[in-house]
Amino acid sequence: MAHQHSSGGGYEAFAATAAEYGVDVRRVSPEEAEAAIEGAVDQPAVGALLPWDGVALPAAVTTDPTPAELSAATTGVTAASLAIADYGSVVLRADEHGSEPISLFTDHHVAVLHEDDIVPDMPAAFDWFGETLRESRDSAIIATGPSATADMGALVQGAHGPKTVEVLVVA
Amino acid sequence: MSSDTPTGGTARESKAEHIRQLLATEGDAVAANTRGFNAGRYESVAKLDEYEALKDEARAIKADAIERLPELIDAVAEAVEENGGAVYIAEDAADANRYISEVCEEADADRLVKSKSMTSEEIEVNEHLQARGVDVVETDLGEGVLQIADEAPSHIVAPAIHKSRAEIAALFNEYFDPEEPLETAEELTLFARERLGEQIKEADVGMTGANFVTADSGTIALVTSEGNARKTVTVPDTHVAVAGVAKIVPTVEDLQPFVELIGRSGTGQDITSYISLFTPPINSPTVEFDDPETPIGGAGEDRDFHLVLLDNGRLAMREDEDLRETLYCIRCSACANTCANFQSVGGHAFGGETYSGGIATGWEAGVHGLDSAAEFNDLCTGCSRCVEACPVGIDIPWINTVVRDRINDGHEGEFEFLVDGLSPDVETSGPDLQKRLFGNFETLARVGSAFAPVSNWLANADPAAALLERVAGVARERDLPAFQRTTLVEWVESRDRIPPADPDRKVVLYPDLYTNYIDVERGKAAVRTLEALGVEVVVPSVPGSGRAPLSQGMIDTARAKAEAVAGDLDPYVEAGYDVVVVEPSDLAMFREDYRHLLPEERFEALADNSFEVIEYVYGLLEDGGDLAALDHATGEETVAYHSHCQQRTLGLDTYSVAVLERCGYGVRTTDAECCGMAGSFGYKHQYYDLAMDVGESLAAEVRAADADHVVASGTSCTDQLDDLLGDRPAHVVELIAPEGEQSVLSATSRHTGDGNR
Ligand code: SF4
């Protein structure tokens, strides 16, 4: 993915808002990324290929998982295409590597984000969505914090989706 | 003269009973949840710098989309087909269901999993498919609870808010009989999630709704906090999305204001966990859980997608000038959460076949017909608190009024002869007798005043109260307003006061019905206050504003009143007088409702020159008016102030607070959206319990404030607080008015009926 978004100190704002949703955000260098991912996952872990040169998934993360592996996994590692600083959101784009089910069926989701892809606000994000979705006809999720429900009488995290979310920002 | 017609006493009694039962069983859970959402909304929208601009933008996008709807439907169809999906425009529910069951047949489906969709409730697709052997599973946890309980949603966003955690636990424990009984919200969520998760894995078809559909890319936006919609789309290879045709917006970029507004407006979340922007068929591999060892992969080449765009009356609503704005609705639920009546009873009373809350009247009238709307339309009191909450600025009370008028038109009344003499309305056909009685309040007030105090003794005497309740449904628990023998207009005429030769300003004080006939003291206080600030005040005889008939859906009568009022006031406005109004609901007529009743120019002339009395006083003080001329607090006096609902919507409550503070009072304001009385609503027998329930939450706030004075701006609020607290609140102007010819406070008590002191 092209790094078309210049970051204007977006990291701090993004990390602060995401933290309000209980999301753990950390900044790592490309060289540290692999080890940081390894440290962030609880086994068993599945993942989808990361789109950046020089940023690889550790061997401990199974790619191209089978449905059985997906069901058994505790952690899913996927790339985030964009982050929206104002809202503490990450944008998860569906792809042929199974990023969507991998980020959804696991209790713990580790999203890997490139710092250049943090945009300040919703209008900036929707400029990107407009162009991208019209052209590619892809699908993407604006994900903010873990899945949640208040339907059972109190707010509970982990409702048909991850209970915890962690974001590693590659700078 | 049987009274078992739908509008007779029996119907009123069964409605009263239904409401009492809901108040007792579901009221607490609904109240806690909706008030929580509502408080969250205030907090969340306050964080947006551009809140008003975003709302304007959202409204403009919807207005444009509905305007261009036919063209956008074509564009969506084209985009979805380019993407490899199919679009079906369903004329009505039966048509949609037929198509969906064909899709299920083709997919050889045993099970269909659903994420939450009100539109699918509207067409009752679950029943249709189940009758054809398809197992339909609601995967939203709240909807799942209701499916097990076999109940209807009580809220359009959070369908099971009428159930407490304990009730859900009892339901699950009985239905599933787990080894360890479930208890906490976490246990319940985990249990439901596991069970439903398994059912999703085995599903053949996934059905979603759509919060929005974009015409440029064929993208559907789904707003959820749970991950169930994502799973519903991702796992099965066939996806059906059911959406009303009105859900289309032109472009992906157009989604932005809605994404920022919908969660904040509804449940008070800045954003929900997931805003899914699916462009189906999605380019994500299907997950074949029945083939566990083959690695997942591929871009979803085997996926099938069907977009069912439902008309079901929507295209006709688009042609209907008064219902059209309903189609702007993004179903955020703000108009339910902000509504005092909804907070007390929820959607099982404040709702029709499918939809609930303020805007439901428009939806039900449009998609199911007037009968469904008639079931609950009365519950909208026109308080207008929803208007500022609505992210697309729909005039929801007006839609309720129009539909009420149409319901009235279909009504053939009984007992009409009893009110005919008292009801000079110009309705061409019949609102029921209760509505006509309250709608013609002006005549009642005029006659009542002429015969006061005898008329007051009579109206509140037991036999008369019983008759009024039986025939017209006037709650006998209520004291009827006590009409004063000397009206405000007469009092002003009788004074031999020489007007100031060179007044700073000239005011025509509008003698609204309540101030003129009932709460005359506050009118006198208003006159003295304005005069003390150097203003020339005249109080001519002017007809009622039409608020009373409008609230009963008697639009023709209200329009006739509006024309008469404008006819009387226009010459004053032209001569440079400002119009000052004491009763907020009448000021709201001049400033808002007359928009629908008068030609634009006339409306604007009056609206621009009308002021709420304390708003006006504030302006005078700002212009250098003599604050010392007003009556001040002695020592540390405190005030518990309840502004009026429509006054708050107009943003005028702040002036009352400011002026009270300048006069030395410590002011605590109430949060309750409405007092529950809302004009005639609380006088109606069938709504008495509801009105008292709503009022009780206000009364609790006032009691907690424990202030030296209880002050309210509206007559309804004053009556209601009087009934609840046993002490009649004063109007703001009565606290600040200088002493005059008459004593300021409690010179008359409406209970004594002693109207001429
Ligand atoms: S009418 Fe407005 S406030 Fe009510 S649900 Fe629709 S969008 Fe929300």
Side-chain angles (χ1 to χ4, degrees), chain A residues 17 20-21 63-71 84 86-89 91 94-105 121-123 125-127 129-162, chain B residues 82-83 139-142 145 158 160 163-166 168 185-186 188-190 192-193 196-197 214 216-219 225-228 230-231 234-235 251-253 255-256 259-260 270-280 282-285 287-289 291-299:
Chain A
T17 321
E20 289 172 23
Y21 293 91
T63 51
D64 295 321
T66 64
E69 286 165 330
L70 181 64
S71 284
I84 306 161
D86 269 1
Y87 282 84
S89 314
V91 172
D95 61 27
E96 68 276 18
H97 305 298
S99 287
E100 173 66 0
I102 290 169
S103 66
L104 181 61
F105 276 88
D121 53 20
M122 231 17 120
F126 270 89
D127 285 344
F129 281 123
E131 250 172 62
T132 311
L133 297 189
R134 253 190 312 276
E135 206 180 288
S136 66
R137 304 295 168 102
D138 275 3
S139 299
I141 314 291
I142 304 172
T144 312
S147 64
T149 184
D151 285 349
M152 299 294 169
L155 186 71
V156 177
Q157 256 103 44
H160 294 302
Chain B
E82 271 169 24
N83 300 341
T139 62
D140 173 84
L141 296 179
V145 167
K163 287 203 160 327
S164 66
R165 181 195 49 75
I168 297 171
E186 240 159 61
L188 291 164
T189 302
L190 189 68
R193 159 193 160 134
L196 293 169
T214 65
D216 58 346
S217 62
T219 301
S225 281
E226 300 177 18
N228 66 314
R230 292 174 66 191
K231 287 187 174 174
T234 300
V235 177
T251 68
V252 173
E253 285 87 339
L255 296 173
Q256 175 251 325
V259 166
E260 300 209 56
D270 296 353
I271 191 165
T272 58
S273 300
Y274 302 126
I275 308 287
S276 302
L277 304 174
F278 288 120
T279 313
I282 65 167
N283 64 334
S284 177
V287 190
E288 310 285 347
F289 287 98
D291 178 11
E293 301 308 330
T294 307
I296 58 174

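In what follows, chains are A, B, ... by sequence order, proteins preceding strands, each numbered from 1.
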If you measure from [atom1] on [X] to [atom2] on [Y], what distance do you get to the nearest 0.5 Å?
{"X": "A/Phe129", "Y": "B/Thr214", "atom1": "CZ", "atom2": "OG1", "value": "12.0 Å"}
{"X": "A/Asp64", "Y": "B/Thr294", "atom1": "CG", "atom2": "OG1", "value": "12.5 Å"}
{"X": "B/Lys163", "Y": "A/Asp151", "atom1": "NZ", "atom2": "CG", "value": "12.5 Å"}
{"X": "A/Thr17", "Y": "B/Asp270", "atom1": "OG1", "atom2": "CG", "value": "9.5 Å"}

Structural part of B/Thr189 lying under 4.5 Å from a heavy atom of chain A =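 Contact with chain A: backbone and side chain both.
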Side chain, backbone, both or neither: which part of B/Ile271 has a heavy atom under 4.5 Å from chain A?
->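 Backbone plus side chain of B/Ile271, per the 4.5 Å heavy-atom cut-off to chain A.
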Among side-chain atoms of A/Thr149 and B/Arg193, is any donor-acceptor pair under 3.5 angstrom?
->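 Short answer, no.
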Taking [options] one by one, which has the highest count of heavy-atom pairs under 4.5 Å against chain B?
{"options": "A/Asp95, A/Asp127, A/Val91", "answer": "A/Asp95"}
{"options": "A/Pro123, A/Gly161, A/Ser71", "answer": "A/Pro123"}
{"options": "A/Ala159, A/Ser139, A/Ala148", "answer": "A/Ser139"}
{"options": "A/Ser147, A/Gly153, A/Ala94, A/Ala150", "answer": "A/Ser147"}

Starting from the C-alpha separation in whole Å, work towards a yes-or-no answer on side chain to side chain contact (heavy atoms under 4.5 Å, CB included) for A/Met152 and B/Val145.
-> CA-CA 9 Å; A/Met152 299 294 169; B/Val145 167; 3.8 Å; yes
Is the shortest heavy-atom distance from the side chain of [X] to the side chain of [Y] under 4.5 Å?
{"X": "B/Glu260", "Y": "A/Asp121", "value": "no"}
{"X": "B/Val259", "Y": "A/Phe126", "value": "yes"}
{"X": "B/Arg230", "Y": "A/Ser103", "value": "yes"}
{"X": "A/Leu133", "Y": "B/Leu277", "value": "yes"}
{"X": "A/Thr66", "Y": "B/Pro295", "value": "yes"}
{"X": "B/Ile296", "Y": "A/Pro67", "value": "yes"}

Partners passing salt bridge (Lys or Arg N to Asp or Glu O under 4.0 Å) against B/Glu253 (at least two apart in sequence or in another chain) |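 B/Glu253 satisfies salt bridge (Lys or Arg N to Asp or Glu O under 4.0 Å) with A/Arg134 only.
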Which one of [options] has the most heavy-atom pairs closer than 4.5 Å to chain A?
{"options": "B/Gly142, B/Ser273, B/Gly297, B/Ser276", "answer": "B/Ser273"}
{"options": "B/Pro285, B/Ala160, B/Ala299, B/Ala192", "answer": "B/Pro285"}
{"options": "B/Thr251, B/Leu190, B/Asp216, B/Leu196", "answer": "B/Asp216"}

[X] versus chain B, the contacting section by heavy-atom distance below 4.5 Å:
{"X": "A/Asp138", "value": "both"}
{"X": "A/Leu70", "value": "side chain"}
{"X": "A/Pro146", "value": "backbone"}
{"X": "A/Glu135", "value": "neither"}
{"X": "A/Ser89", "value": "side chain"}

Enclosure of B/Glu186 CD (heavy-atom neighbours >12, cutoff 6.0 Å) =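 No, CD of B/Glu186 has 12 or fewer neighbouring heavy atoms, counting only those of other groups under 6.0 Å.
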Which heavy atom of A/Glu100 sits nearest a heavy atom of B/Ser284, and at what distance?
->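 Smallest heavy-atom distance, with atoms named: CB-OG, 3.7 Å.
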Do you know the tightest heavy-atom contact between A/His160 and B/Gly197?
->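 Answer, listing the atom of A/His160 first, then B/Gly197: CE1-N, 4.3 Å.
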Output all residues satisfying side-chain hydrogen bond (donor to acceptor under 3.5 Å, both in side chains) with B/Glu82, sequence neighbours left out; order by chain, then residue number.
->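 Here the qualifying residues are A/Arg137.
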